[in-house]
Visitor: 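The structure follows.
None of the values given here were measured: they were computed from a predicted structure.
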Amino acid sequence: EWVEHHAEELTEHAVAYLNSDSVGRGFLFAGGSHTLEAMVNEIAREVIDPETGLPVNVRRQAFTLINGDKEAVKRAEASDDIYLSALGSGSDYTPFLQHLGIASLNMSFGGEGGGGSYHSIYDSYDHYTRFRDPGFLYVESATKITGRALMRLANADILPFEFTRFTATISRYIDDLQELADDMREETTRHNRLVEAGVYQAAADPTKTYVAPEAEDKVPFFNFAALENAFATLETSTEQLAGVYDNWKNLSADDLARLNGILMQSERALLREGGLPRRPWFRHHIYAPGYYTGYGVKTLPGVREGIEEREWAEAEAEILILADVLTGFAAEIDKASALLAENRIGAPAPLP
């Protein structure tokens, strides 16, 4: 309610929202806007794990190599980068990110301090200091992480938004969508074949009442062309910005303020009035909690949930909306590129 009450002020002035819910012994877990992923990695290389003496990012890489899924392990083998998870809901970042489009981070340590005490009589100071984080070592580490992020966002000449990692993440999300559709199509074909052949009845216990499943409607081939074209535009815009990025050093104070305004507002371009199907309050079209998953995140939620819920027309419509969102986001990046291109390195420095 507070966020919505101050929506106009926050939309105009808020650079980012930093969140931390719980801290315990263990590893850095971070999620949020992927435009801030580069900044998180800079910080994670600076902060040292208090018990092992290793940089926080190296310790997290080791955790991922041992415990991650196939894709996470593959990325950890190639780099010691930390990859932000996508945010759904379940904490105070929700209205900032999902409703107002303010770039957000949720960062915490954990994994080695035990659990099960949350919202119970054991969730106490005594329990925390004995088991969760004796000596408050990881509270201090979390403060170092969040404090560095806060100072970087508040004091940097140029805001630490970076779009190459965001674009790479969107590429993975689009691939996931297409794989989801292909897998559903294959599974539906198999299911209908079993229904037609009476296999479900044949496998059922004859002594028990059994109602065999019905055939499902076929999964169509979706037209992802508009989305793929929009992504190509985003990729080109990201590359162009990277090529002129260092020109910010030659900007006048007024132009630097204009550039930071573009960077700060970029996350807002990922919103659409009217929000997601059946839930207009959730306006972010890259990250949202799933309609049926509680806090759990759905990426590219309009399209993804249209496919998952077998709402084919809705999925097709959301593909076009998402394409428009990405094109609009690319246009914001192009504004930054145009401003920087006007102030190329080597040009006469502007008068103060």
Side-chain angles (χ1 to χ4, degrees), residues 1-21 30-37 39-40 84-108 146 149-156 158-163 166 169-170 256-291 293-305 318 321-336:
E1 183 178 344
W2 182 90
V3 174
E4 291 173 279
H5 181 73
H6 294 278
E8 184 176 346
E9 181 182 6
L10 289 167
T11 297
E12 183 177 356
H13 298 294
V15 174
Y17 176 73
L18 306 181
N19 190 78
S20 183
D21 261 349
S33 303
H34 287 85
T35 51
L36 295 173
E37 189 172 85
M39 181 191 74
V40 171
L84 296 181
S85 60
L87 293 180
S89 188
S91 192
D92 294 338
Y93 55 76
T94 300
F96 291 92
L97 179 64
Q98 312 293 358
H99 188 63
L100 296 186
I102 295 169
S104 300
L105 288 174
N106 185 50
M107 299 179 289
S108 64
T146 305
L150 180 62
M151 289 188 290
R152 179 75 171 89
L153 288 161
N155 296 327
I158 182 171
L159 291 173
F161 290 91
E162 192 274 335
F163 301 99
F166 172 84
T169 301
I170 295 298
L256 188 59
R258 288 174 56 202
L259 175 62
N260 281 327
I262 294 169
L263 297 177
M264 181 183 73
Q265 293 290 331
S266 61
E267 191 89 14
R268 320 291 197 261
L270 299 173
L271 305 179
R272 280 297 178 272
E273 290 301 326
L276 296 170
R278 293 169 296 283
R279 42 189 176 146
W281 188 89
F282 291 92
R283 301 192 295 168
H284 207 296
H285 276 65
I286 306 302
Y287 324 106
Y291 192 81
T293 57
Y295 295 160
V297 68
K298 296 287 184 179
T299 56
L300 311 186
V303 182
R304 181 178 299 278
E305 292 191 313
E318 288 295 319
I321 291 172
L322 179 58
D324 184 62
V325 167
L326 294 185
T327 301
F329 188 77
E332 294 301 304
I333 297 176
D334 289 342
K335 291 179 185 178

Visitor: Using a 3.5 Å distance criterion without hydrogens, assess whether the side chain of N106 forms a donor-acceptor pair with backbone atoms of G31.
Guide: no
Visitor: Does the R283 side chain pair with the main chain of E273, one donor and one acceptor, at a distance under 3.5 Å?
Guide: no
Visitor: Please report the C-alpha distance between E305 and R279 in whole Å, then the side-chain angles of each, then the deciding distance to 0.1 Å, and finally whether the salt bridge (Lys or Arg N to Asp or Glu O under 4.0 Å) criterion is met.
Guide: CA-CA 12 Å; E305 292 191 313; R279 42 189 176 146; 2.4 Å; yes
Visitor: Please evaluate residues H284 and L276 with respect to the criterion side-chain contact (heavy atoms from CB on, under 4.5 Å), reporting the C-alpha separation (whole Å), side-chain torsions for both, the decisive distance (0.1 Å), and the verdict.
Guide: CA-CA 8 Å; H284 207 296; L276 296 170; over 6 Å; no
Visitor: From L105 CG over to L84 CG, what is the distance, rounded to the nearest 0.5 angstrom?
Guide: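 That separation rounds to 6.0 Å.
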Visitor: Taking all atoms of both residues into account, what is the closest heavy-atom pair of L150 and L18, and its distance?
Guide: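 So the two residues come closest at N-CD1, 3.8 Å.
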Visitor: Identify the heavy atoms of Q265 and E12 that sit nearest to each other, and give their distance.
Guide: NE2-O, 3.6 Å
Visitor: Counting only heavy atoms not in H5, do more than 12 sit closer than 6.0 Å to its NE2 atom?
Guide: no
Visitor: At what distance, to the nearest 0.5 angstrom, does CG of L270 lie from CZ of R268?
Guide: 10.5 Å
Visitor: Counting only N and O atoms by type, is there a donor-acceptor contact under 3.5 Å from the side chain of H99 to the main-chain atoms of W281?
Guide: yes
Visitor: Tell me whether Q98 contacts the main-chain N or O of L87 through its side chain, where contact means a donor paired with an acceptor under 3.5 Å.
Guide: yes
Visitor: So, for S20 and M107, which heavy atoms are closest and what is the spacing to 0.1 Å?
Guide: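 Looking at all heavy atoms of both residues, the shortest contact is OG-O, 2.8 Å.
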Visitor: To the closest 0.5 Å, what do you measure between OG1 (T299) and CD1 (I286)?
Guide: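 Rounded to the nearest 0.5 Å, the OG1-CD1 separation comes to 9.0 Å.
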Visitor: If you look at every heavy atom in H34 and S85, which pair is closest and at what distance?
Guide: CE1-O, 4.2 Å
Visitor: Is a donor on one side and an acceptor on the other found under 3.5 Å between the side chain of S266 and the backbone of L263?
Guide: yes
Visitor: Okay, side chain of R272, backbone of D324: is any donor-acceptor separation there less than 3.5 Å?
Guide: yes
Visitor: To the nearest 0.5 angstrom, please state how far the CD atom of E318 sits from the CD1 atom of I321.
Guide: 4.0 Å
Visitor: Using 0.5 Å steps for rounding, measure from the CE atom of M39 to the CD atom of E162.
Guide: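 Reported to 0.5 Å precision, the distance equals 12.0 Å.
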Visitor: Can you classify the ring geometry of F96 versus Y17 as parallel (below 30°), tilted (30 to 60°) or perpendicular (above 60°)?
Guide: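 Answer is parallel, since the angle falls under 30°.
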Visitor: Which pair of heavy atoms, one from P95 and one from D92, lies closest together, and at what distance?
Guide: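 In this case the closest contact between P95 and D92 is CD-O, 3.3 Å.
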Visitor: Please round to the nearest 0.5 Å and tell me the distance separating atom CD1 of I170 and atom CG of L322.
Guide: 7.5 Å
Visitor: Taking the six-membered ring for Trp and the full ring for Phe, Tyr or His, determine whether the centres of F166 and F161 are under 6.0 Å apart.
Guide: no
Visitor: What's the shortest heavy-atom distance between G88 and T94, and which atoms?
Guide: O-OG1, 4.3 Å
Visitor: Starting from the C-alpha separation in whole Å, work towards a yes-or-no answer on side-chain contact (heavy atoms from CB on, under 4.5 Å) for N19 and S104.
Guide: CA-CA 8 Å; N19 190 78; S104 300; over 6 Å; no
Visitor: State, with a plain yes or no, whether a side-chain heavy atom of L10 is found less than 4.5 Å away from one of H6.
Guide: yes
